[in-house]
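Following: one structure in structure tokens, then a few remarks.
Protein chains get the first letters and strands the later ones, always in sequence-line order, with residue 1 at the start of each.
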Number of protein chains: 2
Amino acid sequence: MSIITPKQGTLADIASHRLAHSIVTGELAQGQKLNEAELAERFGMGRGPLREALRHLEGIHLVKRIPNAGARVVVLDYKTRSDLYAIREALEGMACRLAATQMTPEEIEQLSRLLDTHEKQIQQQGNGGCYGQSEGNLDFHYQIVLGSRNEMLMRILGSEQYQLLRMCRFQTSRNAQRTSPALQQHRHIVEALAQRDGELAEMLMRRHIQGAWRSIIESQYKEEA
Amino acid sequence: MSIITPKQGTLADIASHRLAHSIVTGELAQGQKLNEAELAERFGMGRGPLREALRHLEGIHLVKRIPNAGARVVVLDYKTRSDLYAIREALEGMACRLAATQMTPEEIEQLSRLLDTHEKQIQQQGNGGCYGQSEGNLDFHYQIVLGSRNEMLMRILGSEQYQLLRMCRFQTSRNAQRTSPALQQHRHIVEALAQRDGELAEMLMRRHIQGAWRSIIESQYKEEA
DNA sequence: AATCTTTTAATTGTCGACAATTTAAATTGT
DNA sequence: ACAATTTAAATTGTCGACAATTAAAAGATT
């Protein structure tokens, strides 16, 4: 929630954010046709700004536009999600390696405290805490991306892939048994960062993401090919 | 040239491509203000489609928009270019590793023939052949990305980073002395692909990109910090 | 009854005009 | 002459209406 800036500048920006939210949460089904007039009516604005919003969402690949045939919500099939996680592994691994040399001691300490918070949240609510799939989990990953000091990486991972990732979360049945392993892995990563061991941090992050992906495909190898 | 589809669908798409070309080639200077009315006039269209084009270009990060203050061409400073090459190293390395297991023998053979063509071109024109910075070089890299079979990777590397990379090329003074080393490295990469050695192919590609980056910063460590 | 053609409706693409905001210029005051 | 304030120009943001294209429905023909 803290990552995407809910800026309320132009109407196009507002529409873009509202649409992005609706798409990510599944409120707008995947593959659904997006009618310009209908959406403009619902958002209380003209079609101009809404079209600009659609063009922007097309840029960050949340919708797919076909000339003279309108825009549709993207469909996250198995292949797409698989590709997504493969890229995350490479990019977040790289972020981790860079973060090990770039993050300040204060930031690493702060990261550690973030994990403390997560641990308490899990213990309190006990059952429903599907940490591996939670939003807090994303915060952890994002903080490391910020620590890489690579702005282009922040863009790609933060603004674009992040949305698709959240979309995966909302369509995936959350399995709670990966809660403590994920937190444990996070702790190890922070430890590697504190020791300034970039190579180890990268490897741990890559394994962590691989584990998350395995967890996803294991918990739903019933549907789709 | 074969990568970006010069599709001529809606006016917004046309404007988007024309603007992208002007930006990449440096015809529109970095940081330059993009006046909507003026551009719409020049392209012979209304401001509506042009605004949509700007929104699209904002999505692929060729222009930077500020609400109520217009759009400007992005500026590729040292840090940005450095970040770009760091990401390329991670992503194209990954593409290479995947391509080693995914490309068909025919595709690898075709890649080898592409290098033969490049070699002849270099020998013919002799001097001006700054291969390391040429467009043909990009074709080689793109073919490997296609071979990775990761569509999201093709998107990121092909549509977005590719534009920024070409932009770097146009602003960088081309140095011809890196011609034969680059071709040589390409040959080694193809060899690794033919042997289905993904790890080696990745390492070779990473070094190749590192070399390209070093070549750039060495040939112009006069300007900017 | 099924298929092809024609007509109709719906949706997207485009333009021009107006409102709101920002930037530049001119004016005024010290 | 310099600074702050006010005024004017330019630019962006927004809307509504019309044209072009596509999708759907009605009708005709075998």
Side-chain angles (χ1 to χ4, degrees), chain A residues 4-23 27-75 159, chain B residues 4-23 27-75 159:
Chain A
I4 345 152
T5 51
K7 54 186 171 189
Q8 40 190 0
T10 68
L11 289 183
D13 292 326
I14 296 176
S16 180
H17 280 93
R18 288 188 61 176
L19 277 175
H21 182 78
S22 296
I23 290 174
E27 191 179 328
L28 288 170
Q30 294 185 18
Q32 180 175 334
K33 176 77 181 295
L34 296 175
N35 187 301
E36 294 181 3
E38 179 189 332
L39 289 173
E41 168 76 11
R42 188 192 302 177
F43 292 165
M45 65 180 66
R47 274 179 53 222
L50 193 117
R51 281 177 63 87
E52 292 182 21
L54 287 179
R55 269 267 163 38
H56 184 77
L57 293 177
E58 181 193 15
I60 63 177
H61 301 93
L62 248 48
V63 311
K64 185 170 168 58
R65 265 190 63 261
I66 299 172
N68 295 320
R72 311 190 87 94
V73 179
V74 293
V75 294
S159 303
Chain B
I4 346 152
T5 52
K7 55 187 169 188
Q8 41 190 359
T10 69
L11 289 183
D13 292 326
I14 295 176
S16 180
H17 280 93
R18 288 189 61 175
L19 278 175
H21 181 78
S22 295
I23 291 173
E27 191 178 329
L28 289 171
Q30 294 186 18
Q32 180 174 336
K33 175 79 180 295
L34 297 175
N35 187 301
E36 294 181 3
E38 179 189 332
L39 290 172
E41 168 77 11
R42 188 192 305 178
F43 292 165
M45 64 180 66
R47 274 178 53 224
L50 193 119
R51 281 176 64 86
E52 293 181 20
L54 287 179
R55 270 262 157 50
H56 184 77
L57 293 177
E58 181 193 15
I60 63 178
H61 301 93
L62 247 49
V63 310
K64 185 169 169 57
R65 266 190 62 261
I66 300 171
N68 295 320
R72 310 189 88 93
V73 179
V74 293
V75 293
S159 302

Go along nucleotides 10-23 of chain C 5' to 3' and tag each nucleotide: B for a protein heavy atom under 4.0 Å from its base, S when only backbone or sugar atoms are that close, - otherwise. -SBBBS-----SS-
Using atom types as modelled, flag every donor-acceptor pair under 3.5 Å from a side chain in residues 61-75 of chain A to any protein atom, sequence neighbours excluded.
residue	atom	partner	partner atom	Å
A/His61	ND1	A/Gly59	O	3.1
A/His61	ND1	B/Arg155	NH1	2.8
A/His61	NE2	B/Arg155	NH1	3.1
A/Arg65	NH1	A/Glu58	OE1	3.3
A/Arg72	NE	A/Gly31	O	3.0

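- Partners of B/Gln30 under the side chain to side chain donor-acceptor pair (under 3.5 Å) rule, at least two apart in sequence or in another chain, are B/Gln171.
- Using a 4.5 Å cut-off on side-chain heavy atoms (C-beta onward), A/Leu50 and A/Glu38 make no contact.
- We find the CZ-CG distance between A/Phe43 and A/Leu11 to be 11.0 Å, quoted to the nearest 0.5 Å.
- The closest side-chain donor-acceptor pair between A/Asp13 and A/Ser16, if any, does not fall under 3.5 angstrom.
- Base pairing of C/dT28: its partner is D/dA3, meeting the Watson-Crick or G-U wobble criterion (both donor-acceptor distances under 3.5 Å).
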